[in-house]
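Scroll down for the structure; my scribbles are underneath it.
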There are 2 protein chains.
Amino acid sequence: MASTAPATAPLDAGTPGNMADVRRSNLALVLGRVVQSPAGFHLTRAQLAAATGLTKASVSSIVLDLLDAGILREVGLSRQGERGRPGVGLELNPSRGVMGMEINVDYIAAGVTSLSGELVVKEVRERDNRDSASGAVMSALAALALGVRQAASALGVDVLGGGLAVPGLVEAGSSTVTVAPNLGWVDTKLDVARLLPGVPLGVSLFNEANAAALAELAHSPHGRDFLFISGEVGVGGGLVLNSELFTGPEGNAGEVGHIVVDPEGTPCSCGGTGCLETIAGQDAIFSAAGITVKGRTRTESMADLLGALAAGSPAALTAVQRAGRALGVAVASASRVVNVRAVVLGGHFAVLDQWLHGPLLESLAKYAPGALPPEHVITSTVGDAGALLGAAGSVVRSLVEAPYRLQA
Amino acid sequence: MASTAPATAPLDAGTPGNMADVRRSNLALVLGRVVQSPAGFHLTRAQLAAATGLTKASVSSIVLDLLDAGILREVGLSRQGERGRPGVGLELNPSRGVMGMEINVDYIAAGVTSLSGELVVKEVRERDNRDSASGAVMSALAALALGVRQAASALGVDVLGGGLAVPGLVEAGSSTVTVAPNLGWVDTKLDVARLLPGVPLGVSLFNEANAAALAELAHSPHGRDFLFISGEVGVGGGLVLNSELFTGPEGNAGEVGHIVVDPEGTPCSCGGTGCLETIAGQDAIFSAAGITVKGRTRTESMADLLGALAAGSPAALTAVQRAGRALGVAVASASRVVNVRAVVLGGHFAVLDQWLHGPLLESLAKYAPGALPPEHVITSTVGDAGALLGAAGSVVRSLVEAPYRLQA
DNA sequence: CTTATATAGTTCAAGCGATAAACTAACTTG
DNA sequence: CAAGTTAGTTTATCGCTTGAACTATATAAG
């Protein structure tokens, strides 16, 4: 598994630049190449110099810093059997890792990946978090994270930092959840730091769909610009522009679940009317398909729906096709606003793809012909673990952008 | 009149950084402050050092470069009457200017502003460009631009570069018009360089609404993030994020005219269905209001519409209110995708504001309550000249971001 | 009128990072 | 084993920011 795509750190606009910024930028450039390189393939200093455009002298100096910081490791010789002195292979230090954590409606999870993105340990604990106080959930997660961290440590992997994904709106760059409807949280400040006491890179907070979008980016066959749409109880979204997660000035860009797809439609939990979620969210589909939700888990209800679809139930087929058409309208509108080049479907949209896909493309062709090629509408390549992996990968991204943070 | 807001140039991600980049960044930082400062107020080196965080020594060196390049000029002493040695005021060299040009359906225009954004000369020539070959239009514009350039020169203003605004989609960073429906152009490559032969900063091409959005930014009471929506024959848009025009990977982001506002609606010229433009474009409003278009200029038709509205014509009122509600739906959807914090209405939307405003806000409250405060929906502060001024201002922006280009 | 004080701007040595060229190291080929 | 080839380090140089010292020019106080 590859890791998150890197983005070298630019000089901060609005603040003076000095030579330390140049160093940071070039450090990020070199480290980014290493992170990008395929697993098992070890770049040498000379190859890094050629790839980045830096001189060999600069790369040597930069690599020295990264070795000192324990981020990189030398690994044997490469290029054996060819002429000339063989280079020394470099790889991300496998004894350093990052943790991804997730709070969802009916479970909490924590997992550690290496810096190159390979999953080392993962644990999921079922837990009904609906209307649970955030403090109680965080305590349970802290306990889970401690266990996973110790398990990773036993395997020789030291955790440098973590990311937490929650199903709700997150204020940009803060640790406050503005609103998480399915958890019943409003303006909830989370003490994320206590999940991983003492880690040098800290813990950051993400919206679930945004984190999953980052995970898609890491495995990206879809390039640097795409819209990830995740079907859960609600409909979430993550917008990736130029290989960066775009969250907007207030942190809630990419919320495609509340694009208006039917002005004559029904009220939405957000207070709006005719939002995508009122047609394509899980509750909406189950209800339109005549699937029982009460007293059953979501997994069971989804199994019922798949059974009904396989059996050719007209109600189920109609419900899913309607969701597909609504998705088409939403994608049409979104693609006008930000010129998205690809759409990645996750959550139940991936599961239902064989029934959704046709109506979605038809609807997209009707409302925004030529906006994006049909083959650029694809399903998730990461799957369920997306939010967890994306949250973990975000720590690697921040490490690449500011490698110096480890050396302090 | 203030000029475009500056944005300091970051190091290019993906390329090695060196000390020249630091210089460029700091040059942009200093020059940006000068551009931002209110007209008539002259910053000194010491004030620039305090404002930017650079040392006095660095600022002195940077200012020297900018003086040598002829971008800045020293102007008398400031801070008289206070203790201590008075500073030397600095201002943008008033003998340097930039040209804005515009090709529209029924006219061409060219104007020169100083680097600080004051209009020095402007000329508009009526000309029916509908289905006119691009070469012929460009020849006419080149002649007009030559005259305006000479007039500016006679007033002591030397033109450094130019921007051209056209009513059509522009491929990002190129000089190709992908499609301009009202001009009848498709995939048209424009030889923009010949409009201003020999200028050091060249000539760049913009979509009309995008250029107008840049002009709004310069006069911005709306902050760093807003969506500009321009009502013309079509409905154009310009998206400003973090004080930068956001055009998307292919250059056609912000095209709010083709957001789906009525899935049951009528076909659009773009091939889609129920786009905003089919309800809020000029033709749609005139037609719904029963206003004659054939054989009349757009100005005359608009006067008729305003007359009908003043007279209380139900058809006219209904048509405009419907357009307002459609705008509300489009803004609701757009604000979910990119989290816009303000909306600026231009073109006929500004003219019709007193009838549009209420329905727009009602509709926005219905479809996206709380997405943005009502007082953040405002009308253009620049007016008709927006595209021209924005195109000119874009040259100042590029000068700020890469001041070295003049010194070569 | 002289001296103290305050502020603006320049000069100079130091530090740091990238660069290019020379150099050392380690391997393959003939 | 010598020649050729590629990897990586060393060294001198350049450019830019910084901080401190210094010069320049004003007002305020005695």
Side-chain angles (χ1 to χ4, degrees), chain A residues 8-9 11-12 15-31 34 42-68 72 74-90 403-404 407, chain B residues 8-9 11-12 15-31 34 42-68 72 74-90 403-404 407:
Chain A
T8 55
L11 282 182
D12 273 338
T15 61
N18 54 32
M19 282 163 308
D21 294 312
V22 174
R23 184 60 162 190
R24 195 157 31 80
S25 169
N26 288 338
L27 226 14
L29 184 63
V30 168
L31 185 52
V34 177
H42 300 134
L43 288 161
T44 66
R45 289 170 178 80
Q47 289 168 332
L48 282 169
T52 58
L54 290 161
T55 60
K56 288 191 296 176
S58 295
V59 170
S60 278
S61 158
I62 286 168
V63 165
L64 195 64
D65 274 5
L66 294 171
L67 289 170
D68 283 349
L72 290 187
E74 294 192 331
V75 50
L77 299 185
S78 75
R79 228 183 43 84
Q80 283 166 353
E82 290 174 48
R83 293 180 83 127
R85 171 177 167 180
V88 179
L90 298 166
Y404 263 175
Q407 297 180 303
Chain B
T8 56
L11 282 183
D12 273 338
T15 60
N18 54 32
M19 285 163 308
D21 294 312
V22 174
R23 184 61 160 190
R24 196 157 31 79
S25 169
N26 288 338
L27 228 13
L29 184 63
V30 169
L31 185 51
V34 177
H42 300 134
L43 287 161
T44 65
R45 289 169 178 81
Q47 290 169 331
L48 283 169
T52 58
L54 290 160
T55 60
K56 288 191 297 176
S58 294
V59 171
S60 277
S61 157
I62 286 168
V63 166
L64 195 65
D65 274 6
L66 294 171
L67 290 170
D68 282 350
L72 289 187
E74 293 191 332
V75 50
L77 298 184
S78 75
R79 226 185 47 83
Q80 284 165 353
E82 290 173 48
R83 290 181 85 128
R85 171 177 167 180
V88 179
L90 297 165
Y404 264 176
Q407 296 180 304

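Throughout, protein chains are lettered first and strands after them, A, B, ... in sequence-line order, and every chain is numbered starting at 1. In this text the structure is predicted, and so the values were computed from the model without any measurement.
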Sorted by chain and residue number, the side chain to side chain contact (heavy atoms under 4.5 Å, CB included) partners of V34(A) (sequence neighbours excluded) come out as L48(A), L72(A), L92(A)
**OP:** Determine: side-chain N/O of R23(B) to OP1/OP2 of dT17(D), distance under 4.0 Å, yes or no.
**Re:** yes
Between CD of E74(B) and P of dA8(C) the distance, given in whole Å, is 15 Å
Taken to the nearest 0.5 Å, the spacing of L54(A) CG from L29(A) CG works out to 5.5 Å
Short N/O separations, protein against nucleotides 18-23 of chain D, under 3.5 angstrom:
residue, atom, partner, partner atom, Å
dT18(D), OP2, T55(B), N, 3.4
dT18(D), OP2, S58(B), OG, 3.3

side-chain hydrogen bond (donor to acceptor under 3.5 Å, both in side chains) filter on S60(A), not counting sequence neighbours, yields none
Sorted by chain and number, sequence neighbours left out, side chain to side chain contact (heavy atoms under 4.5 Å, CB included) with T44(B) holds for A46(B), Q47(B), S78(B)
When rounded to whole Å, the CG to C1' distance for the pair L48(A) and dT6(D) reads 16 Å
If each end axis of the helix from dC1(C)-dG30(D) to dG30(C)-dC1(D) is fitted on five C1' pair positions, the angle between them, to 10 degrees, is 20°
Item to complete: Under the side-chain contact (heavy atoms from CB on, under 4.5 Å) rule, what do H42(B) and E74(B) come out as? Steps first, then yes or no, please.
Response: CA-CA 9 Å; H42(B) 300 134; E74(B) 293 191 332; over 6 Å; no
From CE of M19(B) across to P of dA14(C) the rounded distance in Å is 19 Å
- Task: For L27(A) and I62(A), run side-chain contact (heavy atoms from CB on, under 4.5 Å): C-alpha distance rounded to whole Å, both residues' side-chain angles, the deciding distance at 0.1 Å, then the answer.
- Result: CA-CA 6 Å; L27(A) 226 14; I62(A) 286 168; 3.3 Å; yes
Atom CG of L43(B) and atom P of dA8(C) are separated, to the nearest Å, by 12 Å
T52(B) meets the side-chain hydrogen bond (donor to acceptor under 3.5 Å, both in side chains) criterion, sequence neighbours left out, with none
Q47(A) atom CD is separated from dT6(D) atom C1', nearest whole Å, by 11 Å
CG of L31(B) to CG of N26(B), rounded to nearest 0.5 Å, is 12.0 Å
Quiz item: With a non-hydrogen cut-off below 4.0 angstrom, is T44(B) in contact with a base, only sugar-phosphate, or nothing?
Solution: sugar-phosphate
Ranking dT27(D), dG8(D), dT5(D) by distance to the side chain of R83(A), first place goes to dT5(D)
Here the distance between atom C1' of dC16(D) and atom CG of L64(B), to the nearest Å, is 14 Å
Rounded to whole Å, CZ of R45(B) lies from P of dT25(D) at a distance of 14 Å
Please work out if V88(A) contacts a base, only the sugar-phosphate, or nothing of the nucleic acid, heavy-atom cut-off 4.0 Å.
sugar-phosphate
Report task. Return no unless some side-chain N or O of S60(A) is found under 4.0 Å from OP1 or OP2 of dT9(D). Result -> yes
Side chain to side chain contact (heavy atoms under 4.5 Å, CB included) filter on A49(A), not counting sequence neighbours, yields K56(A), V59(A)
